[in-house]
Number of protein chains: 2
Amino acid sequence: MTAQARGLHARVLESLGPAITGGEYPPGSVLRTDELSQEFEVSRSVMREAVRVLESMHLVESRRRVGVTVLPTEEWNVYDPQVIRWRLAGADRPRQLRSLTVLRSAVEPAAAGLAARHATAEQCAALTECAIGMVAHSRGGRLEGYLLHDVEFHRTILRASGNEMFARLGDVVAEVLTGRTHHRVMFEDPDPAAVTLHVKVAEAVRERDAARAEELTREITLGALEELDVLAP
Amino acid sequence: MTAQARGLHARVLESLGPAITGGEYPPGSVLRTDELSQEFEVSRSVMREAVRVLESMHLVESRRRVGVTVLPTEEWNVYDPQVIRWRLAGADRPRQLRSLTVLRSAVEPAAAGLAARHATAEQCAALTECAIGMVAHSRGGRLEGYLLHDVEFHRTILRASGNEMFARLGDVVAEVLTGRTHHRVMFEDPDPAAVTLHVKVAEAVRERDAARAEELTREITLGALEELDVLAP
DNA sequence: CTGTGATCTAAAAGTCATACTTAATGTGCT
DNA sequence: AGCACATTAAGTATGACTTTTAGATCACAG
């Protein structure tokens with residue numbers, strides 16, 4: 001799933017990034033490029049490139065005569081897909097999943113409303129198809145197939161909203177949905193009510209009923225929030 | 001306002017980044033690091049670091065034997081504060097401002113609702129103070145002072161929501177508000193209704209009335225959207 | 001003659017090592 | 001306290017070498 005490290009600097013990042021977001025180097029820690037480059041057995045140039053990337057994510061700050069300082073969490077670019085992935089892979093995955101779900105429940109209803117106004121015929125068709133796919137895979141522990149259609153459904157809604165900021169959250173939603181499926185009891189079929197809601201949203205969008213699409217999507221995300229309250233602390 | 005270029009690679013970025021987001025190098029364009037490093041009169045190492053950062057923003061992709069290719073807009077990390085700044089400084093500022101305002105109107109009401117549940121006493125006090133400041137500067141063309149309190153108000157709401165994803169949008173909202181003020185007729189005082197709404201939101205949060213805080217904030221952002229429809233295409 | 005597939009070539013990124021510069025921190029002296 | 005200075009780690013520049021791979025070239029079979 002994750003892109004194979006295509007270059008040394010990327011391989012270093014895949015190791016150093018999670019270490020930082022995972023708290024292995026807590027904020028305030030000071031690293032030195034030379035030491036790091038020895039530790040990872042790469043040249044200084046490679047390590048410098050990796051540090052530059054971390055710096056652009058506001059995970060660290062590099063200052064002369066001091067070193068590379070890990071920044072406090074509030075500074076991090078938490079919308080960076082790579083940062084999100086690293087954090088989801090780490091220890092505070094539950095907290096991360098929660099904050100992303102809250103974001104979802106704010107954004108998706110609005111996106112659905114816009115989608116009802118802007119979706120193309122193809123996007124409407126895609127939505128219906130996804131909904132059908134969800135129904136088809138909603139029983140008998142066929143969670144993988146269900147997830148696939150679920151993800152595509154929400155991706156399509158976000159894209160169809162016509163707002164690039166919304167569209168860009170498709171990956172985030174995909175992560176959340178995938179994370180949820182893989183942490184749920186694997187034998188449990190998805191909530192039938194949720195499936196129905198998706199079908200209805202596809203309908204509402206097709207019929208250009210923005211208010212209804214928004215309200216129905218709100219119910220979906222509300223369900224996701226409640227589910228989170230049940231499963232997580 | 002923008003951080004002074006602290007290093008050659010940053011200076012290159014401040015020039016190359018906007019050039020890409022501004023369409024000077026349209027998606028599909030191929031750049032070569034050697035040529036760039038000559039053009040910008042920096043060493044290859046510096047240019048490589050700059051390219052790495054652009055790559056981490058998904059603005060470009062670097063492939064062997066091909067060069068550095070500018071990626072299509074849909075790939076860009078549009079939540080990266082730097083990318084946002086570059087785009088706001090460029091030609092499609094209006095479109096960008098619109099999509100950010102839509103995002104705002106989805107997120108802020110939800111954030112206000114959460115803030116009513118989670119805001120600390122200090123944050124409540126800060127909100128009230130901001131609202132008072134807005135009232136105080138709402139007449140007589142004192143837009144600068146008004147803006148300052150407006151920005152701080154929304155920042156506080158987002159932070160008080162307790163959701164880090166929301167909190168991180170403080171800078172975005174600040175940009176939008178600043179942009180709006182500086183593009184409006186400068187003699188026009190802010191809408192009194194909006195001022196009142198802010199005061200009421202502060203009240204609602206203080207009184208832990210989540211539903212009311214949410215609804216009032218929705219009215220504020222709705223106003224921002226309408227304003228956009230009037231001013232922009 | 002054409003299409004398919006293996007092979008070769010060269011172009012550009014990637015990596016590494018080294019020498020040198022610059023800025024900032026902390027120390028020690030007055 | 002204030003200032004000069006030494007030290008440290010990042011920043012910059014350059015050159016040599018490696019690796020990947022797009023695209024051309026060529027060979028062979030249909």
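Sequence lines set the chain letters: A, B, ... in the order given, protein chains first and strands last, and positions in each chain run from 1. Since the model is a prediction, treat every value here as computed from it, not as a measurement.
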Query raised in the report: Taking OP1 and OP2 of C:dT15, is either one under 4.0 Å from a side-chain nitrogen or oxygen of A:S43?
Result: no
**Report entry** Distance below 4.0 Å between A:R44 side-chain N/O and D:dT12 OP1 or OP2
**Finding:**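 Negative; the distance criterion is not met.
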Query raised in the report: Looking for any heavy atom pair under 4.0 Å, which part of the strands does A:S45 touch: base, sugar-phosphate only, or nothing?
Result: base
Query raised in the report: Contact class for B:R63 (heavy atom, under 4.0 Å): base, sugar-phosphate, or nothing?
Result: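 Since only primed, P, OP1 and OP2 atoms lie under 4.0 Å of B:R63, the category is sugar-phosphate.
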Rounding to a whole Å, what distance do you find between [X]:[atom1] and [N]:[atom2]?
X     : N      : atom1 : atom2 : value
B:D34 : D:dG15 : CG    : P     : 13 Å
A:Q38 : C:dC16 : CD    : P     : 13 Å
A:M47 : C:dA17 : CE    : C1'   : 16 Å
B:R48 : C:dT15 : CZ    : P     : 7 Å
B:E61 : C:dA13 : CD    : P     : 13 Å
B:R6  : C:dT22 : CZ    : C1'   : 14 Å
A:E49 : C:dG14 : CD    : P     : 7 Å
B:F40 : D:dA13 : CZ    : C1'   : 18 Å

Report task. Determine whether any donor atom in the side chain of B:R65 lies under 3.5 Å from an acceptor atom in the base of D:dA22, or the reverse, and answer yes or no. Result ->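 Yes.
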Query raised in the report: Taking atom types as they are modelled, is there a donor-acceptor pair under 3.5 Å from the base of D:dT21 to the side chain of B:R64?
Result: no
Is [Y] close to [X] at the side-chain level, that is, under 4.5 Å between some pair of heavy atoms?
X      : Y      : result
B:W76  : A:R168 : no
A:L225 : A:T101 : yes
A:W86  : A:E14  : yes
A:F166 : A:E108 : no

Query raised in the report: From the list C:dC16, D:dG11, C:dA12, which nucleotide is the closest neighbour of the side chain of B:R32?
Result: C:dA12
Query raised in the report: Any chance the rings of A:H149 and A:H154 have centres within less than 6.0 Å?
Result: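 So the answer is no for these two rings.
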